[in-house]
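These notes concern the structure reproduced below.
For the numbers below, each heavy atom of this structure counts, side chains included, while hydrogens, waters and symmetry mates do not. All chains are named by letter (A, B, ...) in the order of the sequence lines, taking the proteins before the strands, and each is independently numbered beginning at 1. Quick caveat: nothing in here was measured; it's all calculated off a predicted structure.
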Amino acid sequence: MILPVVLAAVYSFFNWNGLGPLERFIGFDNYARALTDPLFLKSIGNNFTIVGLSLLIQGPLAIIVALLLNRRMRGRTIIRAAIFVPYVLAEVIAGLSWKLLLSPRGGVNAFLESIGLGDLAQPWLAQPDTALWVMFGILTWKYLGFAILLMLAGLQGVPEELSEAAAIDGASWWKIQWHITIPLLGPTIRIWAFLSIIGSIQLFDMVWVTTKGGPVGATSTMATYMIQYGQGNPGYGSAVAVILFLISLVIAVLYQRHAMRRDLGTSDARGDD
Amino acid sequence: MNRARIIRVGAIAAASALTIGGLTACSAGGGGNDDGTVTITWWHNATTDPQQGMWEDVAAEFEKDHPGVKVEVTGYQNEDLQRTLIPNALQSGDAPDIFMVWPGGEVRSQADAGYLMDLTDVMSDTISEYGGTVKPWQVDGKQYAIPYTFGIEGFWYNKDLFKAAGIDELPETLPELEDANKKLRAAGTTPIAVGAGDLWPAGHWWYQFALAACSTDTLQKAIPALDFSDPCWVEAGELLQDFVATNPFQDGFLATSGQQGADSSAGLVANGNAAMELMGAWNAGQIGSLTPDATVPEWLGWFPMVSVPGTAGDPTITMGGGDGFGISKDAPKEAVELLKYIASEDVQKRFAETGAGIPAHPGAIDSLTDPSLKSIAEGLAGSSYVQLWLDSDLGPSFGNPLNQAIVNLMAGSGTPEDVVKALEDTAAAL
């Protein structure tokens, strides 16, 4: 596990085309080049935009759906299954399907035209100003099921007695959720947020399959940038990989220290320090 | 850590990583066996017939004529071969004996690292038979590989759609092309498909305009020297910018891929949704594979890139590229004999007959039967100078930064100067 990280760190200090010995030591030049490349900076920005949107939109959405699905209602099993299907699909298959559906001559535009909304038809993934939002939509479609599943699992751990007692005291359903269920769901939400943040920072497959980071870098992420610019220049690609690794590591450590501290047992917390 | 130590640690680390790479490279590299026989390994990029079958036949024939020699021939997907398998095998010291070598900057980086056998003397007869087509595989005057196919870029077009739009004569100049585009639009057809989502197909448009804007002399001096100070490099971007403004491409071309599926640029042409595509000599097969019945359509034709009036470029200059085979420096001498056979006029004629591409041997051109390939061969023969694909010629580090800057220009978010700056920045970081 450690060896590839160490190797990448070594390569990243060399100007190396992948052939011949590592001879040209250039210190931090690869890092300086990456951190001054507007496209790489934009890629970092895109990663953090996805992080923010995931936390602000996917999280609350997943909680609401999970709360609704946690009640006894007709067709609950079917709805649960339907929501979870995208998560089970392989990333490449889902990505290719969306790519075809969203292409200018694809299914989405054909559907809009057939219901008389032809004016709304557009090359969804081909416009720099819509591509990232559409990408986020695809990611939400893909990963919302997983978030809901986590939340549903968390809800199983919330004792029913508490909400029953509150109901007897006359609290409304929404009040019960807000004051009792959601606070007790805290550990689950924090774990989900952690997975979501790390997943968004390392986002690659879906973007690579649908847009390769285009158009004009609109959906470029650190990982797609690394693949594109590391080709023919593994030293530079390694520097990008190290930056990506450090960003993930810092976020993971900070998050575990601060947000997830109470979720980890006291002994774990001590071991952490 | 001082520098020597870092290098030592790096070398050990790299060596251990590459040992693993070498193990997975399925024991490449032949040589003398204990029982006196010789095994030659040969890696190429043909994964479909007819070409794959033909290379296997060639290997079997060679084995028959040379008792005691065994040839292990394997085809791999092109990009895997070029970017992963061959670099790893070379690094591990267990390289195949004969393998694909790409021209320009690619062959230069392998030759500079000392992996390739110098063929200048051992294959001098073959080299003189081939003439000018071997030049892109030379480094500092030494021959490091022999091409088996070489073609130039031009427009692949739909004859039926051209006729329906009332285009009677094929465009030869940029204004004539723009005029044809107008007629096609008026007939409700998308004039040109471009796979800008893959970057390089869009890059080729700028390369072609650079060939128009720059004199041959400038090209020949600027590329080896990586000196892009001549104003013609900016002019190339301006020409492209003006051309994009005439709306020649399909809707959403920024996200279109080049070769995969019916919505790719090749797919749009294959299914009659666009009238032309600017592409290399391999495109007939590509378009053929994307038609409903998976055959090269009858209506597919080819004409050369248009010239641009009022520019410094020589209108008879063309751009293209090819594939070649080189020999590992430690390969047995039988590998040289095998490459001589692969490069022989006879094998090249058979290659031409399969229609897989344009042979590199001038004596084999007459064996071409496919009409489009024939017109490409004529275009090649009439070229005053063939510029190698600019990204290949510049070297592996240039492709992405250059092509991305070109796509930015086509999207309206970059300037002609930005493209030149991308070239200069990449050159500065070499």
Side-chain angles (χ1 to χ4, degrees), chain A residues 3-4 6-11 13-27 29-30 32-33 36-39 96 99-100 102-106 109 121-128 131 210-220 225 227-234 236, chain B residues 3 6-7 9-14 16-17 79 83-84 86-88 90-91 105-106 109-110 112-115 196-199 250-257 260-264 268 271 273 395-401 403-405 407-414 425-426 428-430:
Chain A
L3 183 67
V6 174
L7 276 181
V10 173
Y11 293 155
F13 292 110
F14 289 86
N15 185 342
W16 186 47
N17 66 1
L19 296 170
L22 290 169
E23 281 174 342
R24 294 164 60 199
F25 182 78
I26 52 166
D29 282 10
N30 280 331
R33 193 180 142 205
T36 52
D37 182 347
L39 183 61
L96 272 180
K99 185 180 176 171
L100 291 176
L102 290 166
S103 78
R105 318 173 61 88
N109 283 346
Q122 47 193 306
W124 299 96
L125 285 169
Q127 303 171 127
T210 48
T211 63
K212 289 201 171 163
V216 202
T219 58
S220 180
Y225 178 91
I227 294 294
Q228 285 183 316
Y229 287 80
Q231 269 189 0
N233 197 346
Y236 184 61
Chain B
R3 199 184 135 168
I6 292 172
I7 292 170
V9 171
I12 294 166
S16 35
E79 275 71 28
R83 295 277 166 244
T84 314
I86 289 177
N88 284 351
L90 292 175
Q91 280 276 5
E106 304 268 353
S109 55
Q110 289 181 355
D112 286 350
Y115 293 126
D198 283 341
L199 305 184
Q250 79 274 21
D251 290 343
F253 67 86
L254 290 175
T256 303
S257 57
Q260 290 138 7
D263 261 317
S264 65
L268 290 172
N271 294 293
N273 290 321
S397 301
F398 281 87
N400 249 293
N403 294 338
Q404 184 70 59
V407 172
N408 290 355
L409 171 71
M410 291 170 78
S413 62
D425 288 353
T426 311
L430 281 182

Report task. Answer with side chain, backbone, both or neither: which region of A:P128 has an atom nearer than 4.5 Å to a non-hydrogen atom of chain B? Result -> side chain
Report summary line: Cut-off 4.5 Å, heavy atoms of chain A, and the answer for B:N408 is both
Requested in this report: Flag the one option from A:A9, A:A218, A:P215 with the top tally of heavy-atom pairs under 4.5 Å to chain B.
Outcome: A:P215
**Report entry** Proximal component of B:Q110, with respect to chain A [non-hydrogen, under 4.5 Å]
**Finding:** both
Query raised in the report: Should B:L268 and A:R105 be marked as a side-chain contact (heavy atoms from CB on, under 4.5 Å) after you check the CA-CA gap, both sets of side-chain angles, and the distance that decides it?
Result: CA-CA 10 Å; B:L268 290 172; A:R105 318 173 61 88; 3.7 Å; yes
Query raised in the report: Looking at B:G414, B:G105, B:P401, B:A405, which one has more heavy-atom pairs under 4.5 Å with chain A than the rest?
Result: B:P401
Report summary line: Between A:P123 and B:G252, the two heavy atoms sitting closest are CB-CA, 3.8 Å
Query raised in the report: Is there a donor-acceptor pair under 3.5 Å between the side chain of B:N400 and the backbone N or O of A:Q228?
Result: yes
Report summary line: Honestly, the part of B:Y115 sitting under 4.5 Å from a heavy atom of chain A is side chain
**Report entry** Rounded distance [0.5 Å steps], CD in A:Q122 versus CG in B:D251
**Finding:** 11.5 Å
Query raised in the report: Side chain, backbone, both or neither: which part of B:S413 has a non-hydrogen atom closer than 4.5 Å to chain A?
Result: side chain
Report summary line: The interface call for A:I26 against chain B, heavy-atom contacts under 4.5 Å, is neither
